[in-house]
Amino acid sequence: MSVSDYIPVIGLEIHSELLTNSKVFCTCSAEFGGEKNTRCCPVCSGMPGTLPIINQRAVEYAIKAGYALGCEINKFSVWDRKNYFYPDLPKAYQISELNLPICLAGAVPIEYEENGEKKSKTIRINHIHLEEDAGKLIHDDLNGVSLCDYNRCGVPLVEIVTEPDMRSPEEARTLVETIALLLQYAGVSDCKMEEGSIRADVNVSLMRKDATEFGTRAEIKNVNSLKSIYRTIEYEIKRQAQILDRGGEVIQETRRFDANKGETKAMRSKEDAHDYKYFPDPDIKQVNLRDEDLERIKASLPEMPKQRLAKYMGFGIPEKEAKVIVNTKKISDLFEECLTHYNNPKSLVNFINGEIMRRINLGEIDIDKPSFTAADVAKLVEMSDTDKVTKNDAKEIFREMAEKGGDPEAIAKANGMLIVSDTGRVLEVIEQVIANNEKAVNQYKSGDVKVFGFLMGQCSKELRGAATPKVIKEELEKKLRSL
Amino acid sequence: MVELTVKSLREKLDKKEVSARELTQAYLDRIESVDKKVESYITVTPEAALSAADKAQEKINAGEASSLCGIPLAIKDNICTEGVKTTCASRMLENFVPPYNATVMDKLENEGIVMLGKTSMDEFAMGGSTQTSAFAKTKNPYDLTRVPGGSSGGSAAAVGADLCAAALGSDTGGSIRQPAAFCGVTGIKPTYGRVSRYGLVAFASSLDQIGPVARSAEDCGIILNAISGYDFHDGTSSRLPVDDYTSKIGMSMKGVKIAVVSEFFAEGVDENVRKSVLAAVDTYKAMGAEIIEASMPSLKYAIAAYYLIASAEASSNLSRYDGIKFGHRADVGGSYNDLIVASRSEGFGDEVKRRILLGNYALSSGYYDAYYGKAMGLKQKIREEYADIFTKCDLIITPTAPSVAYGINENISDPKKMYQADFCTVTVNIASLPALSTTCGYDENGMPIGMSIVGKMWDETTIIGAADAFEKQFDRIGASL
């Protein structure tokens, strides 16, 4: 037997922090970072007598996430307490939703390539619930102490629980990517893996090809990058296949992924599983949503990737090119804003997918904090299109904009790249060249058209980029014909 | 002077017959001499009290005094007071100084009250005797060999012993009403959601409510006026407008329908208590009230339901005392687990531990449906039975406790018997209703007997009006110390 004799069955629990300004149960800032323990108050640090106050914006964002993932929204949801002791959890319970979560069943279509073949599939979502994040422990091995930072404590989080519908690491990775994109478009999460704003618990089991029931699963907790999710699943499939090949049984347990070694390790078995003693939180009233609330929230959902793709293809942009734009929210937003300044989609797409993407891939541009504005990009593309700068110079100008920003026209001027199509000046120069080169002009007039190139060269030299060759050629021909 | 009601003290202060400082000093002097015997306070704050009194005096002099300005009050030690130790009578919070005020404290300070100090209680409000307090095992002012009741025993005893003009307590299953009955004073548990719980150290969040303990129903109304209302910081507080709770003082009892629920007078209630409460019902009848009979079949399950719900919530609420950020930390090495286990083992007393264990058991996987789930079902049933009774009446009268205050060493070793004694009071919390206890008689030893007047949701005004009508014709006998 080998890995190929088994079908992997994969389900994910994806945690994503919501982009609300304040935390879910108090008014502290939910922004990432900050000096340790400066973004917390008596409420989120669980001081005696304090009470949680629900942030309506977090509820709204969770509902938006639900709509983005095709979920049904639960108009009546209840907060529960999940009780466990850990120093990063100051109340010793996490406020979550167990039985009546905010979003119910949904579905997310994914598309990916496997062995060069295009595949698509729909992954079902079991539910989405809203909960609060915990703080962070910092282990100082040198001094043998552990320190707590409660800045993240109480940041709103959605947990997206899928059905076990994925059958390969590629499907799982694609799903996380797709969901991240949908949440970004919905405007509810920035899904930055490196800041922990999206992470996943991965459930993997194997079944023989002829089996009718799923095998025993292992849950790998807190996997925090797309690459790690892929590698975790790959490793688990191999590990479990080896056990099954030997005639062994996979133990139902919680494991963790060691990214350095590329392995998963057992954390605790089913027998040691926590009993979280869930019960409804008496401090928070249940969420009761009215139809008009839901309609308002649904209507406030921004354009989603599917709609943008259709729109771009409607501009006459090929699907492949349009997808490159859509698949990075920030790029798509840049494109949208450029369009408001210069309505030439094809030209903008060429420049964005060519020059801008190239520099992003080279690591020269951080698209989260670009030094240039959309207005300046639009202006540059328009200058290139209208022959105010040459195509090559446009790239040069953008290099400077990418580095330190600036007005493309000013940069072009400073570098002598600006083509001033001043017809008066062009005519003036032509007059002068004709006057100074009587011999060549006569040759031309007598039918020796080869000398045109020489006369062109004389004009261009004098104009030094102040007009495009096309304009010079046209004006020169016109002038010569009139003589 | 120290034995006067808030209402009379207001007049004396306004007429400048006494200054706020003199009044405060009178209470501080009495605390100094008498509280050694009663042990009602855990913390007394004389300097802060005198300086608050001077500030109040400025307001009085400027003619800007509101009803509680310059009135010396005592505060139960589970209500957070900024900069003043709030211990919950537990070793766990022995040195806890909150950096914030409970919402009720902000409100009272705005009124210009003078806080005399923090009163003792059963540890984390768990108990009915104030004998589980880690710092002050309060005595009954009528008989120092007896308990003051609990858990707000310190507040009730301080009022009964004239160690403050009035006090704040908290009531989860009778913790204001039962000690008020034992100490011969008046206390009201408002409707759940009427008074903000922000800053009240939680015992059982769905049942806890802050309320006043005072010398009269009218005083309770005056204080309730000051502390009630919606609070942004408490999502369970009500947005319903606040009534003037003294507006039915002097009301006629004519045509008011009062129900007597037979189960509250059945076996387990001492004969002298039964007689005294029924005599009070007769007094109301004589005033023109209409008395009807009613029944509450689920009352026999109330204690079980209450202790399951309260302990389950408490087990979760008290989990935050893990020795990590505040409160007692055990001096042990080892893992987080070792630290948490040792800190909690050392910090909590036996009764608190018992309830944490009970609550955890009730919520455990596999037991939830049999215990917590069933208790929630009973909660619903009890609410329905109350709603049904209130379709036929305006008020219900019951005994506050099945007996008068008992001896300090009685009952305490038998938790089941202690718990059972709460059956008169707990259903009111389960049903979120308001209820007041006032003295309706004295037994042969001169120990006070309390009756409870239960009202409809948000109808504290009628309860206070009716209690005042009784108090006006009742000769209250103060404790002599």
Side-chain angles (χ1 to χ4, degrees), chain A residues 24-27 37 40-56 59 78-95 98-99 135 137 139 144-150 153 270 273-287, chain B residues 78-80 86 88 92-93 96 98-103 193 196-202 204-208 231-237 309 312-313 315-327 333 336-337 339-341 344 359-368 372-373 376:
Chain A
V24 59
F25 297 119
C26 64
T27 52
N37 291 314
C40 44
C41 70
V43 176
C44 56
S45 59
M47 300 285 267
T50 61
L51 295 169
I53 286 298
I54 180 82
N55 177 350
Q56 292 302 334
V59 173
V78 172
W79 296 98
D80 295 294
R81 289 187 185 178
K82 179 181 182 179
N83 296 284
Y84 65 96
F85 288 102
Y86 204 64
D88 69 3
L89 190 69
K91 299 190 296 298
Y93 61 82
Q94 179 192 31
I95 303 174
L98 177 70
N99 291 316
L137 284 188
H139 303 285
V145 294
S146 293
L147 302 166
C148 303
D149 176 11
Y150 294 117
C153 233
K270 191 188 174 189
H274 286 303
D275 179 355
Y276 291 117
K277 295 178 293 253
Y278 278 99
F279 76 104
D281 192 330
D283 286 331
I284 317 171
K285 284 184 181 164
Q286 68 228 10
V287 178
Chain B
N78 60 350
I79 295 170
C80 287
T86 300
C88 289
M92 186 57 94
L93 291 178
F96 177 64
Y100 45 89
N101 256 346
T103 298
S196 169
R197 290 186 295 118
Y198 186 82
L200 169 67
V201 180
S205 314
S206 74
L207 305 167
D208 294 344
D231 176 18
F232 168 81
H233 294 104
D234 176 2
T236 62
S237 69
I309 295 168
E313 291 180 12
S315 71
S316 173
N317 283 331
L318 270 64
S319 291
R320 72 190 63 201
Y321 308 109
D322 56 7
I324 302 288
K325 301 188 315 297
F326 50 77
Y336 297 138
N337 237 23
L339 176 65
I340 292 171
V341 168
R344 290 168 68 79
N360 271 297
Y361 189 79
L363 290 175
S364 294
S365 128
Y367 296 94
Y368 184 95
Y372 190 76
M376 293 312 273

Peer 1: What distance separates B:Ser206 OG from A:Phe279 CZ, expressed to the nearest 0.5 Å?
Peer 2: 8.5 Å
Peer 1: Between B:Pro98 and chain A, which part of the residue has a heavy atom less than 4.5 Å away: side chain, backbone, both or neither?
Peer 2: neither
Peer 1: Would you compute the distance between atom CG of A:Leu89 and atom CG of B:Asp322 and round it to the nearest 0.5 angstrom?
Peer 2: 9.0 Å
Peer 1: From A:Thr50 OG1 over to B:Arg320 CZ, what is the distance, rounded to the nearest 0.5 angstrom?
Peer 2: 5.5 Å
Peer 1: Below 4.5 Å from any heavy atom of chain A, which atoms of B:Ser237 appear? Answer side chain, backbone, both or neither.
Peer 2: backbone
Peer 1: For chain B, which candidate among A:Ala92, A:Ser146, A:Pro42, A:Pro87 shows the most heavy-atom pairs at distances under 4.5 Å?
Peer 2: A:Pro87
Peer 1: Heavy-atom pairs under 4.5 Å with chain A: which of B:Leu200, B:Ile79, B:Asn78 has the most?
Peer 2: B:Leu200
Peer 1: Measure the acute angle between the ring planes of A:Tyr86 and B:Tyr336, then classify it against the limits of 30° and 60° as parallel, tilted or perpendicular.
Peer 2: perpendicular
Peer 1: Taking every non-hydrogen pair under 4.5 Å, which of B:Ser316, B:Ser205, B:Gly235 racks up the most with chain A?
Peer 2: B:Ser316
Peer 1: Using 0.5 Å steps for rounding, measure from the OH atom of B:Tyr100 to the SG atom of A:Cys41.
Peer 2: 10.0 Å
Peer 1: Do you know the tightest heavy-atom contact between B:Thr236 and A:Pro282?
Peer 2: CG2-O, 3.6 Å
Peer 1: Give, for atom CG of B:Leu339 and atom CZ of A:Phe85, the distance between the pair rounded to the nearest 0.5 Å.
Peer 2: 11.5 Å
Peer 1: Would you mind checking which part of B:Ala362 comes under 4.5 Å of any heavy atom in chain A, side chain (CB onward), backbone (N, CA, C, O), both or neither?
Peer 2: neither
Peer 1: May I ask you to check whether over 12 heavy atoms, not counting those of A:Tyr276, lie within 6.0 Å of atom OH?
Peer 2: yes
Peer 1: Do A:Asp275 side-chain atoms and B:Ser364 backbone N/O form a donor-acceptor pair below 3.5 Å?
Peer 2: no
Peer 1: Rounded to the nearest 0.5 Å, what's the gap from OG on B:Ser315 to NZ on A:Lys277? Could you check?
Peer 2: 7.0 Å
Peer 1: Would you say B:His233 and A:Val43 make side-chain contact, with heavy atoms under 4.5 Å?
Peer 2: no
Peer 1: Top residue by heavy-atom pair count (under 4.5 Å) with chain A, among B:Cys88, B:Ala312, B:Ser319?
Peer 2: B:Ser319
Peer 1: Work out which heavy atom in A:Arg81 is nearest to a heavy atom in B:Glu313; give both atom names and the distance.
Peer 2: NH1-O, 4.1 Å
Peer 1: Tell me the closest heavy-atom pair linking B:Tyr368 and A:Tyr278, and the distance in Å.
Peer 2: CE1-O, 3.3 Å
Peer 1: At a heavy-atom separation under 4.5 Å, does B:Asn337 approach chain A through its side chain, its backbone, both, or neither?
Peer 2: neither
Peer 1: With only heavy atoms counted, which part of B:Asn317 is less than 4.5 Å from chain A, the side chain, the backbone, both or neither?
Peer 2: both
